Amino acid sequence: MTTAPSPSSPGRPTHGGNRNWAAQLANCTPEEILDFSASINPLGPPPSVLTILAEQLQHLTAYPDPRYPQLRSALSNFHHLPMDWILPGNGAAELLTWMGRELAQLDATYLVTPAFADYQRSLKAFNARIVPVPMDLAAVPPQANITASTNCGLLLNNPHNPTGTLTLRKDLIPYLDQFALVVVDEAFMDFLPPEQQQSVLDLVLDCPNVIVLRSLTKFYSLPGLRLGYAIGHPDHLQRWQRWRDPWPVNTLAEVAAIAALKDRPFQQKTWNWLPPSRDALIAGLQKLPGLTPLPSAANFLLVKTEIPSPQLQRDLLKAHQILIRDCLSFPELGENYFRVAVRLPKENDQLLAALAQALTP
């Protein structure tokens, strides 16, 4: 096999989904890359969203309303929460920045690790003190032992990224009273059907120290439009509004989100697709030598590998134009793990065949 690239290689992406970088290694066009590195719903974007985008192009000549009343009203109806408790953003990443500024005002922020790299970025940008809370990856399911601290913040995501672990709502509730500010990133929660979700959204009205982050780009396959939102006490959200640019959400992202929230058939189609596709991919990975996939409630799988993940990533790109996510941006995981999105069954089979070839001595 080829030599694995260094984590510090120039241009090496921190996040998944960088097809341009992958295409350079694979010597092909970005469109030819089969991307398993970004955890995006392969069923979308919904046709309803594409239709409204085409219809709304004429409105690009006008500025969006910086209050975003129509979008906030749609989210309010969707979640049955007051509009004042909702703040749309330029993807969840923008809102993470203001979350970092808010948490930096506390004595420290307890961060469940391994953690999404943007958490570190946003916290370090404002010189926040970070206290790592390591997950026990050997446990089934993986779990973290969180110690309460009254003048500190707690930042976690559910389902957890990158493990896919779903923490039960009843297990999160005790922490809501034990920290000055609790931020729960639920970017992948909507991949579970409503009766299986473990969201704390409904507790926000009674817990002014709780902020929930959500993304609309992963479930509806719209990462290029950049749209997320925060739900929390208006005091927090109004402060964030004063800190940021006046028009963070563009006109097309706004109308796309409103249409997506109404698309019940697409939502149900996704909930029908994911469990059997994920189960089949897990079963296929378990049959391959040197690979151990972790159980997941999300639309991605974390896989322990005996072959260094950057090396495996490079081999798959060069031989099959398939991109997997190495875990070098997660220091606790490094080259011992990789992550893959759950895609369509035919595509999942392509991945399994390519991995089988790459793992053959």
Side-chain angles (χ1 to χ4, degrees), residues 65-92 94-103 105-106 109-110 112 119 122 146 148-160 166-216 218-219 227-244 248-249 254 257-258 260-262 264 267:
D65 185 332
R67 298 168 301 168
Y68 300 104
Q70 292 179 314
L71 175 54
R72 289 168 58 232
S73 176
L75 288 165
S76 172
N77 292 332
F78 189 79
H79 289 299
H80 308 290
L81 291 168
M83 284 178 55
D84 289 348
W85 292 65
I86 301 169
L87 182 69
N90 186 241
E94 185 231 344
L95 299 168
L96 285 174
T97 298
W98 312 127
M99 171 216 70
R101 183 171 177 178
E102 189 93 10
L103 287 168
Q105 300 174 24
L106 301 173
T109 295
Y110 285 67
V112 176
Y119 299 159
S122 64
I146 301 172
S149 188
T150 53
N151 198 38
C152 293
L154 173 64
L155 171 56
L156 47 83
N157 50 11
N158 193 31
H160 180 256
L166 180 67
T167 302
L168 296 180
R169 184 175 179 273
K170 67 178 181 64
D171 294 332
L172 288 179
I173 289 176
Y175 298 118
L176 304 186
D177 294 328
Q178 297 171 4
F179 288 86
L181 181 61
V182 178
V183 179
V184 184
D185 181 355
E186 296 184 350
F188 294 97
M189 188 66 78
D190 45 4
F191 281 96
L192 286 91
E195 67 275 9
Q196 296 179 20
Q197 293 185 14
Q198 300 295 319
S199 177
V200 294
L201 271 177
D202 61 314
L203 302 176
V204 171
L205 295 180
D206 296 321
C207 302
N209 65 317
V210 176
I211 297 175
V212 176
L213 299 181
R214 285 286 185 108
S215 169
L216 288 170
K218 297 173 176 63
F219 187 88
L227 186 65
Y229 55 101
I231 294 179
H233 194 281
D235 287 351
H236 295 296
L237 304 187
Q238 290 169 10
R239 188 157 48 244
W240 294 13
Q241 179 69 18
R242 291 193 297 270
W243 288 341
R244 68 182 189 170
V249 178
E254 182 176 18
I258 294 171
L261 291 168
K262 297 176 182 177
R264 304 297 183 180
Q267 295 160 12

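Side-chain atoms are counted along with the backbone in the values below, which use heavy atoms only and exclude waters and symmetry mates. All of these numbers come straight from a predicted model, not from anything done at the bench.
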Checklist entry - Can you name the residues that form a side-chain hydrogen bond (donor to acceptor under 3.5 Å, both in side chains) with Asn151, not counting sequence neighbours? => result Asp107

Next on the checklist: Taking the side chain as everything from C-beta on, heavy atoms only, tell me whether Ile211 gets closer than 4.5 Å to His236.
Outcome noted: yes

Item to check | Minimum heavy-atom distance between Glu94 and Gly89, given as atom pair plus value | outcome: OE1-CA, 3.2 Å

Item to check | Nearest atoms (heavy-atom pairs only) where Lys218 meets Phe191 | outcome: O-CZ, 3.6 Å

Checklist entry - Do Ser122 and Leu103 have side-chain heavy atoms sitting under 4.5 Å apart? => result no

Checklist entry - Does a side-chain heavy-atom distance below 4.5 Å link Leu81 with Val204? => result no

Next on the checklist: Nearest 0.5 angstrom please: Trp98 CH2 to Leu213 CG, how far?
Outcome noted: 14.0 Å

Item to check | Side-chain heavy atoms of Ile231 within contact of Leu201, under 4.5 Å | outcome: yes

Checklist entry - Rounded to the nearest 0.5 Å, what separation is found between the CG atom of Leu216 and the CG atom of Leu227? => result 5.0 Å

Pairs under 3.5 angstrom only: tabulate donor-acceptor contacts from the side chains of residues 174-188 to other protein residues two or more places apart or in another chain.
{"residue": "Gln178", "atom": "NE2", "partner": "Pro174", "partner atom": "O", "Å": "3.2"}
{"residue": "Asp185", "atom": "OD1", "partner": "Ala187", "partner atom": "N", "Å": "3.0"}
{"residue": "Asp185", "atom": "OD2", "partner": "Tyr119", "partner atom": "OH", "Å": "2.6"}
{"residue": "Glu186", "atom": "OE1", "partner": "Ser199", "partner atom": "OG", "Å": "2.7"}
{"residue": "Glu186", "atom": "OE1", "partner": "Arg214", "partner atom": "NE", "Å": "3.0"}
{"residue": "Glu186", "atom": "OE1", "partner": "Arg214", "partner atom": "NH2", "Å": "3.0"}
{"residue": "Glu186", "atom": "OE2", "partner": "Ser199", "partner atom": "OG", "Å": "3.2"}
{"residue": "Glu186", "atom": "OE2", "partner": "Val200", "partner atom": "N", "Å": "3.0"}

Checklist entry - In chain order, what residues pass the side-chain contact (heavy atoms from CB on, under 4.5 Å) check against Pro66, with sequence neighbours excluded? => result Trp247

Next on the checklist: Checking Arg101 now: which residues fulfil salt bridge (Lys or Arg N to Asp or Glu O under 4.0 Å) with it, not counting sequence neighbours?
Outcome noted: none

Checklist entry - Got a sec, which residues hit side-chain hydrogen bond (donor to acceptor under 3.5 Å, both in side chains) with Trp85, two or more places apart in sequence or on another chain? => result none

Checklist entry - Would Asn90 and Arg244 satisfy side chain to side chain contact (heavy atoms under 4.5 Å, CB included), going step by step from the backbone distance to the final call? => result CA-CA 11 Å; Asn90 186 241; Arg244 68 182 189 170; over 6 Å; no

Checklist entry - Measuring from Leu87:CG to Gln238:CD, what's the distance to the nearest 0.5 Å? => result 10.0 Å

Next on the checklist: Per the salt bridge (charged side-chain N to carboxylate O under 4.0 Å, His left out) rule, what does the pair list look like for residues 229-242, sequence neighbours excluded?
Outcome noted: Glu102-Arg239

Checklist entry - Distance from Leu192 atom CG to Gln197 atom CD, nearest 0.5 Å? => result 6.0 Å

Checklist entry - Can you name the closest pair of heavy atoms from Leu71 and Ala257 and give their distance? => result CD1-CB, 3.6 Å

Checklist entry - About how many Å separate CG of Leu166 and CE of Met189, when rounded to the nearest 0.5 Å? => result 5.5 Å

Checklist entry - For His79, what residues pass the ring-ring contact (aromatic ring centres under 6.0 Å, His included) criterion, not counting sequence neighbours? => result Tyr229

Checklist outcome for this item: Note: Gln198 and Thr167 closest approach over all heavy atoms is CB-O, 3.5 Å

Item to check | Ala260: side-chain contact (heavy atoms from CB on, under 4.5 Å) partners, not counting sequence neighbours | outcome: Val49, Tyr220

Checklist entry - Quick one: does Tyr68's side chain have a donor or acceptor within less than 3.5 Å of a partner on Pro88's backbone? => result no

Next on the checklist: Nearest 0.5 angstrom please: Leu261 CG to Ser73 OG, how far?
Outcome noted: 10.5 Å

Checklist entry - In chain order, what residues pass the side-chain contact (heavy atoms from CB on, under 4.5 Å) check against Gln70, with sequence neighbours excluded? => result Glu254, Ile258

Item to check | Residues which pass side-chain hydrogen bond (donor to acceptor under 3.5 Å, both in side chains) with Asn77, listed by chain and number, not counting sequence neighbours | outcome: none

Next on the checklist: Going by side-chain hydrogen bond (donor to acceptor under 3.5 Å, both in side chains), name the residues that satisfy it together with Ser215, two or more places apart in sequence or in a different chain.
Outcome noted: Thr217

Checklist entry - Considering residues at least two apart in sequence or located in another chain, which fulfil the salt bridge (Lys or Arg N to Asp or Glu O under 4.0 Å) criterion with Asp84? => result Arg72

